[in-house]
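One structure is given here, and the rest of the page talks about it.
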Amino acid sequence: MSILKVDSLSVQRGGHVLVDALDFTLQAGRICAVLGPNGAGKSSLLLAIAGLIPFQGRVELAGRSLSALGRAGLADRVAWQGDLPSVEFGLTVHQRLELAASGDTGGIASIAGEMEIGALLGRPLGELSAGERQRTELAALMLRDVPLWLMDEPTAHLDLRHQVQCIGMLRRRRQQGRSILVVLHDLAQAMAVADHVILVDGQGHAAYGDADMLDAGRLSQLYATPLCRQGSGFGPDYGEKR
C-alpha cells in the first residue's frame, strides 16, 4: 500500500531551487533515507511534504492530496520530528509525552522505558541534556499512531549507544508497518536502515532509488569528497596517518 506519493515536487527557498521535479513513492513498512550535504534542501524537502512550506507538484498521503487534507487530516496521517522544541513553557517530560499521546497515556511508561527516559518523567525539559531531550522527542513521536513519520536527523545529540538504540527502534517500527522518511548524515546508519534513498545535491537534483544507490562513486560525487569502504559502509578517506 502506498502511504506517500510525490509527483514532480519542486522546492525553492530564497529564490534558489533546492529540489526540482522529484518523483517517488513510499510504501507501508519502508524506510527512505534522505542524504546530501549541508544546505542541500533535505529539511526543506520534509517541510514541503508536511505542508509547512510552499512547493510545486503533487503530494498524496494514502491516496489523498495534501491540499485536500487540511491540518486535521495531516495530523491524523503524519508525525514530525525535527529541531528540539522550546522549553520556555516549563513542561516536564511526562507532560510533553501526554501532549503527544493526545490523552491516551497508557503507552507512556512502556515507550519511556524503551527510550530509557523513565527516570526523567518528572523532570522539567529545561533541566535535561540535549541527548535526553532528543530521546524525549523520539518517545513523543512513538506515541503518535500515524502511518507516516517525517524525521530530521533523529540521531542528532545522541551518544553512540543511543544512536544504535534509535536505529534499532526505526527498524522495529518498520516491521510494524510504519513508513518513515528520514534525514540522516551518517552513511553507516543510512545503510543499516534504508530500503530506499533520496540523494539531494542542493543544485536542484534529487535522485530516488533503492539502497544500492549508496556506492562510493555516487556518494563521493554527492559530498564532493573522496570516500572509501569502511567495513559494511563508507567513510571519509583521510589519507595516511602521519
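As the structure is a computational prediction, the values presented were derived from the model and not from experiment. Reckoned from all heavy atoms, side chains included, excluding hydrogens, waters and symmetry mates. We count residues from 1, following the sequence as given.
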Reported CZ-to-CG distance for the pair Arg58 and Leu66, which is rounded to 0.5 angstrom: 9.5 Å

Minimum-distance pair of heavy atoms, taken over all atoms of Leu18 and Gly39: CD2-O, 3.9 Å

Inter-residue atom distance Arg174.CZ - Met169.CE, 0.5 Å rounding: 12.5 Å

From Leu91 atom CG to Leu125 atom CG, the distance as rounded to the nearest 0.5 Å: 6.0 Å

Distance, nearest 0.5 Å, that separates CG of Leu148 from CZ of Arg178: 9.5 Å

Glu132-His157 side chain donor-acceptor pair, cut-off 3.5 Å: no

Hydrophobic cluster identity match, Leu99 and Leu121, side-chain contacts under 4.5 Å: yes

Arg13-Ser44 side chain donor-acceptor pair, cut-off 3.5 Å: yes

Lys/Arg N to Asp/Glu carboxylate O, Asp23 vs Lys5, below 4.0 Å: no

Closest non-hydrogen atom pair between Leu222 and Gly36, with its separation: CD2-CA, 4.0 Å

More than 12 heavy atoms of other groups within 6.0 Å of Gln221 CD: no

Atom pair CG (Leu61) and CD1 (Ile49), whose distance is rounded to the nearest 0.5 Å: 8.5 Å

Summary of side-chain hydrogen bond (donor to acceptor under 3.5 Å, both in side chains) pairs that have at least one residue in residues 180-191, sequence neighbours excluded: Glu153-His185, Thr155-Gln189, Gln163-Gln189

Basic-acidic side-chain contact under 4.0 Å: Glu137, Arg135: no

Spacing of CZ belonging to Arg218 relative to CG belonging to Leu227, to within rounding of 0.5 Å: 13.5 Å

Side chain Arg171, main chain Ala192, donor-acceptor under 3.5 Å: yes

Within 6.0 angstrom of Asp83 CG, more than 12 heavy atoms from elsewhere: no

Residue Glu127 excluded, over 12 heavy atoms near CD under 6.0 Å: yes

CA sep, side-chain torsions, deciding dist, call: Leu35, Leu184, side-chain contact (heavy atoms from CB on, under 4.5 Å): CA-CA 6 Å; Leu35 303 172; Leu184 292 169; 4.1 Å; yes

Tyr208 and His196 aromatic centres sub-6.0 Å: yes

Full working for side-chain contact (heavy atoms from CB on, under 4.5 Å) between Glu60 and Arg64: CA-CA 5 Å; Glu60 291 184 358; Arg64 296 191 60 188; over 6 Å; no

Closest approach of Gly29 to Asp195 (non-hydrogen atoms, all atoms of both residues): O-OD2, 4.3 Å

